[in-house]
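Some notes on the structure that comes next.
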Amino acid sequence: MIVFSDFDNTLHPHADEAGFRRNLEKIREFRGKGNLFCIATGRSQASFGRTWPDYEDYLDYGIFDNGAVCWDQRGELVFQEAISVRIAREIVQRITDKFSDEVQLVFYHDAKEWQELDQDVTKVRCWTKDVVVSQAVCDAVKAEYDGEVQSFVARAAVMSSLGWIEYPEEYVSFVDMMSVRAGKYNAVRRLLEKYPGERVVTIGDDTNDLEMIRGFDGYVMQDSAPEVLEIVKPGHVVGSVGEVLERETE
């Protein structure tokens, strides 16, 4: 069996470090029975590693930047999908022309966050001061670049570890933009080519998890976004990742 789990507010319940540690013990038990456990997160590898420094001890694969990048347990790149620097610059120009003081842009490549756009990127993140602005940015990107770029809105977020941005507390939402060939669902499907016939379970809580949950045997957290809660049957709404791992290996 292979389990793919979101990280923030799924495997890692914020403000509940004890709950996170309990989940990690369940992962050890799960993998000890010959199963595979993988993360599928919107975070970059650098951001993920700052939050969970010893993650390599628990994961078989890490899917980062909302499905744009996949690394194996040995730290070797499995695959990557990028937005060309040309398209990224066009998008940035449109966003800054229209929203200017309301946004801050961050660029991702080589597993890190960057202030400047100077090469192809695995993700563009547009931080905003209002979720209404985030939705407007997302709509504008979809209208112009639907065949090349996919995007989604994170409704509530806390900026951290971006020292070049002044007054980070003012930014409360963001839009993530990745190649149309990325996305968690596409990444899971691509990785599964290595494991034909394996049973697959997915776990998530937010709109960037929707297709991954819908496309496989999906579970969602009790405090998931409404759009996520409505796509699963009640028996697949759970309180923790550990609960899923226990249930699936009984």
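Note that the numbering runs from 1 along the sequence shown for the chain. What's counted below: heavy atoms across the whole structure, side chains too, no hydrogens, waters or symmetry copies.
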Study note, to complete from the structure: Nearest heavy-atom approach of Met221 to Leu229 is O-CD2, 3.6 Å
Point to revise | Under-4.0 Å salt bridge between Arg21 and Glu25 | key: no
Review point. Taking all non-hydrogen atoms of both residues, which atom of Trp114 and which atom of His109 are closest, and how far apart?
Key: NE1-O, 2.9 Å
Check your understanding: Does NZ or CZ of Arg43 lie under 6.0 Å from the centre of the six-membered ring of Phe48, at an angle within 45° of the ring axis?
Key -> no
Study note, to complete from the structure: Residues Asn23 and Thr10: closest non-hydrogen pair is ND2-O, 4.0 Å
Exercise for review: For Tyr219 and Val201, work out which heavy atoms get closest and say how close.
Suggested key: CD1-CG1, 3.7 Å
Practice item. Please assess Lys129 against Glu170 for the test salt bridge (charged side-chain N to carboxylate O under 4.0 Å, His left out), listing each intermediate value before the final yes or no. Key: CA-CA 6 Å; Lys129 299 178 180 180; Glu170 295 183 1; 3.2 Å; yes
Check your understanding: Atom NZ in Lys26, atom CG in Leu11: separation rounded to 0.5 Å?
Key -> 14.0 Å
Review point. Of all residues at least two apart in sequence or in a different chain, which pass the side chain to side chain donor-acceptor pair (under 3.5 Å) check with Ser134?
Key: Thr128, Ser173
**Study point:** Residue pairs fulfilling side-chain hydrogen bond (donor to acceptor under 3.5 Å, both in side chains) with at least one residue in residues 147-157, sequence neighbours excluded
**Key:** Arg155-Glu227
Point to revise | Charged N-O contact under 4.0 Å between Glu90 and Arg86 | key: yes
Check your understanding: Of all residues at least two apart in sequence or in a different chain, which pass the salt bridge (Lys or Arg N to Asp or Glu O under 4.0 Å) check with Asp57?
Key -> none
Check your understanding: From Trp127 CH2 over to Asp176 CG, what is the distance, rounded to the nearest 0.5 angstrom?
Key -> 9.0 Å
Exercise for review: Apply salt bridge (Lys or Arg N to Asp or Glu O under 4.0 Å) to Arg28 and list each qualifying residue two or more places apart in sequence or on a separate chain.
Suggested key: none
Check your understanding: When you check the gap from the basic side-chain N to the acidic O, do Arg125 and Glu113 get nearer than 4.0 Å?
Key -> no
Practice item. Mind checking salt bridge (Lys or Arg N to Asp or Glu O under 4.0 Å) for Asp205 and listing every partner two or more places apart, or none if nothing turns up? Key: none
Practice item. Would you confirm whether Asp120, through its side chain, and Ala82, through its main-chain N or O, come within 3.5 Å as a donor-acceptor pair? Key: no
Point to revise | Atom pair CD (Glu144) and CZ (Arg94), whose distance is rounded to the nearest 0.5 Å | key: 4.0 Å
Exercise for review: State, with a plain yes or no, whether a side-chain heavy atom of Phe20 is found less than 4.5 Å away from one of Trp52.
Suggested key: yes
Review point. Which heavy atom in Val132 sits nearest to a heavy atom in Asp130, and how many Å separate them?
Key: N-OD1, 2.7 Å
Check your understanding: Would you say Cys38 and Val3 make side-chain contact, with heavy atoms under 4.5 Å?
Key -> no
Review point. Would you say the side chain of Leu117 lies within less than 4.5 Å of the side chain of Val92, judging by non-hydrogen atoms?
Key: yes
Considering only distance and modelled atom types, tabulate donor-acceptor pairs under 3.5 Å from the side chains of residues 188-196, sequence neighbours left out.
from	atom 1	to	atom 2	distance (Å)
Arg189	NH2	Asn186	OD1	3.2
Arg190	NH1	Glu81	OE2	2.7
Tyr195	OH	Tyr61	OH	2.6

Practice item. Give a yes or no on whether a salt bridge exists between Asp72 and Arg74, defined as a side-chain N under 4.0 angstrom from a carboxylate O. Key: yes
Study note, to complete from the structure: In this structure, OH of Tyr55 is separated from CD of Gln73 (nearest 0.5 Å) by 10.5 Å
Review point. Any sub-3.5 Å donor-acceptor pair from Thr122's side-chain atoms to Tyr108's backbone N or O?
Key: yes
